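Just follow the structure's listing: the first ligand is 1, and inside any ligand the first atom is 1. Only a predicted model underlies this, so the values are computations on that prediction, with no experimental measurement involved.
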Amino acid sequence: MPDAPGDNILVTGALGQIGTELVEALREAHGPESVIATDIRESEDHPSATNGPFITLDVLDNSSLTQVCFEHGIGEIYHLAALLSATGERNPELCRKVNIGGTRSVLEAARTCFTRVYSPSSIAVFGPDSPKQAPQDAELNPTTVYGETKVSGEEMAREYLAKFSVDTRGIRYPGLVSYKAPAGGGTTDYAVEIFHAALGSGHYDCFVRSDTRLPMLYMDDAIRATISLMRASSDSLGTSRAGYNISCLSFTAKELAEAISERVEGFTCNFVPDERQAYADSWPDSIDGSIAHREWGWVPEYDLNEMVDAMLRGISGD
Ligand code: NAD
Ligand code: SER
């Protein structure tokens, strides 16, 4: 494959929950000027926009995206621009347009510019027929539009690798828990909101049932997994490379609330399920990440207690 225009990094969706921390980590590793943050939203005060180059860019605009790749010497794209499950199910057409169209646009830019691509998938690829501990190779029959777009994303990544030798990689992220940026409209947002409510008003109305168990991961682990996968030798990656299951946490909403109550005096939580309950119920409780472990050595560092401590410390500014 010919050389990419350079070895700088472009991040789409850089103002979002993951982008905020991925841009920070990549700039620490490669230098601020090497990481071009982009998003459809404008920002004058977000760290991704103030700590290094930032370009306002709609990922669906393939010609601008390709031009930016050439002009800024991009060798690697981290494609984070998307609509998450709750927002996506409220607006399925826009969800298909941004998630499928956006991924196609990034893969086309990568094909033209010979760049590598990281494009995340999600536990939402699984449907209610998957085993509750979902294996890597489960049949993928999601019941959400968001999940369908993520299955399409994995298929497109495999297609561009097979037909055009574009080096594509991805992780089926579980729900990600972090404090540096708000969660972006997903079903797993309760696992973020609950911390802010606990330290704010001392009470949270959780929008899923207390026994809802989902795969989750602290953001530091997610960023480490992402960068580890992109640093792995291509030869070590097998047929799961478009969407790896990774080992992560698995806890119920009640277990999370109890872990917070043990640390925040007087915290109370009610469980008041809304339409997001059905999306959560269609996803697995946990996922088997043994292939990611074997092929690129993934092991998470944070357990539930360490994650809760880190979240409370981070939000309190300690
Ligand atoms: P987010 O909603 O926090 O951020 C997405 C960003 O994309 C936003 O800043 C938004 O402005 C931007 N965006 C939307 N449409 C765009 C467009 N047309 N062009 C350019 N930018 C656009 O999402 P996130 O949580 O950071 O998720 C990033 C990726 O990871 C997504 O693909 C998501 O499906 C996946 N993922 C996230 C989680 C999670 O828990 N956060 C879990 C599984 C998978
Ligand atoms: N955390 C994401 C969501 O809830 C899963 O992809 O939408």
For ligand 2, which of its N or O atoms have a protein N or O partner closer than 3.5 Å, and how long is each gap?
from, atom 1, to, atom 2, distance (Å)
ligand 2, 1 (N), Thr188, OG1, 2.7
ligand 2, 4 (O), Ser85, OG, 3.3
ligand 2, 4 (O), Thr187, N, 2.7
ligand 2, 4 (O), Thr188, N, 3.1
ligand 2, 4 (O), Thr188, OG1, 3.4
ligand 2, 6 (O), Ser122, OG, 2.6
ligand 2, 6 (O), Tyr146, OH, 2.7
ligand 2, 7 (O), Ser85, N, 3.0
ligand 2, 7 (O), Ser85, OG, 2.6

*Does the side chain of Ser85 come under 3.5 Å of the side chain of Arg276 through a donor N or O and an acceptor N or O?*
no
- Salt-bridge criterion met for Arg241 and Asp167 (N-O under 4.0 Å): yes
Ranked by distance from atom 10 (C) of ligand 1, the top protein heavy atom is Asp39 OD1, 3.5 Å
Those residues at least two apart in sequence (or on a different chain) that pass side-chain contact (heavy atoms from CB on, under 4.5 Å) with Ile315 are Tyr179, Phe195, His196, Leu199, Met311
Check: Is there any N or O on Val59 that sits under 3.5 Å from an N or O of ligand 1?
Finding: yes
Note: Ile123, heavy atoms under 4.0 Å from ligand 1, region reported as neither
Ligand 1 atoms nearer than 4.0 angstrom to some heavy atom of Arg41 are 8 (C), 9 (O), 11 (O)
Within 4.0 Å of some non-hydrogen atom of Leu15, the atoms of ligand 1 are 9 (O)
Ligand 1 to Gly184, heavy atom cutoff 4.0 Å, flagged ligand atoms 2 (O), 3 (O)
For residues 63-86, the ring-ring contact (aromatic ring centres under 6.0 Å, His included) pairs (sequence neighbours left out) are Tyr78-Tyr118
Looking only at protein heavy atoms, what sits closest to atom 18 (N) of ligand 1 is Asp58 OD1, 2.9 Å
A student comparing Gln17, Met216, His79 should find that the heavy atom closest to atom 25 (O) of ligand 1 comes from Gln17
The closest protein heavy-atom partner of atom 32 (O) of ligand 1 is Lys150 NZ, 2.7 Å
Atom 29 (C) of ligand 1 has as its nearest protein heavy atom Leu80 O, 3.5 Å
task = State whether Arg231 and Glu76 are salt-bridged, where the test is any N-O pair (Lys NZ or Arg NE/NH1/NH2 against Asp/Glu carboxylate O) under 4.0 Å.
result = yes
protein heavy-atom neighbour closest to atom 40 (O) of ligand 1 works out as Leu176 N, 3.0 Å
NE2 of His30: more than 12 outside heavy atoms within 6.0 angstrom?
yes
So, 4.0 Å and heavy atoms of Val98: is ligand 1 close enough to count as a contact? yes
(request) Check whether the ring centres of Tyr244 and Trp298 lie less than 6.0 Å apart, and answer yes or no. (result) no
Query raised in the report: Is any N or O atom of Tyr173, backbone or side chain, closer than 3.5 Å to an N or O atom of ligand 1?
Result: no
- Item | Polar side chain donor-acceptor pair, Glu306 to Tyr218, under 3.5 angstrom | no
In terms of its nearest heavy atom to atom 44 (C) of ligand 1, the top option of Ser121, Gly175, Gly19 is Ser121
Practice prompt. Assess whether atom CG of Asp205 is packed by more than 12 heavy atoms of other residues, nucleotides or ligands within 6.0 Å.
Written response: yes
Does the side chain of Ile194 reach to within under 4.5 Å of the side chain of Cys206, using non-hydrogen atoms?
-> no
Atom 13 (N) of ligand 1 sits nearest the protein heavy atom Ile40 CG2, 3.8 Å
Among non-hydrogen protein atoms, atom 4 (O) of ligand 1 lies closest to Gly16 CA, 3.3 Å
query = Is the number of heavy atoms from other residues, nucleotides or ligands within 6.0 Å of NZ (Lys97) greater than 12?
reply = no
Item to complete: Tell me, please: is Leu57 in heavy-atom contact with ligand 1, that is, under 4.0 Å?
Response: yes
Exercise for the section: Could you walk me through whether Phe126 and Leu140 pass side-chain contact (heavy atoms from CB on, under 4.5 Å), step by step? Expected result: CA-CA 5 Å; Phe126 299 109; Leu140 303 181; 3.8 Å; yes
for atom 33 (C) of ligand 1, nearest protein heavy atom and its distance come out as Tyr146 OH, 3.6 Å
Smallest heavy-atom separation, Arg172 atom then Ile287 atom, equals O-CD1, 4.1 Å
Of Pro120, Pro174, Ala191, Ser122, the one whose closest heavy atom lies nearest atom 38 (C) of ligand 1 is Pro174
Residues at least two apart in sequence or cross-chain that pass side-chain contact (heavy atoms from CB on, under 4.5 Å) with Ser236, listed by chain then number, are Ala232, Ser233
Between Leu65 and Val59, the two heavy atoms sitting closest are CD2-O, 4.1 Å
Discussion item. Considering both backbone and side-chain atoms of Ile18, is one of its nitrogen or oxygen atoms within less than 3.5 Å of a nitrogen or oxygen in ligand 1?
Written reply: yes
Original post:
Hey, are Glu108 and Arg111 close enough for a salt bridge, meaning a charged N less than 4.0 Å from a carboxylate O?
Top reply: yes
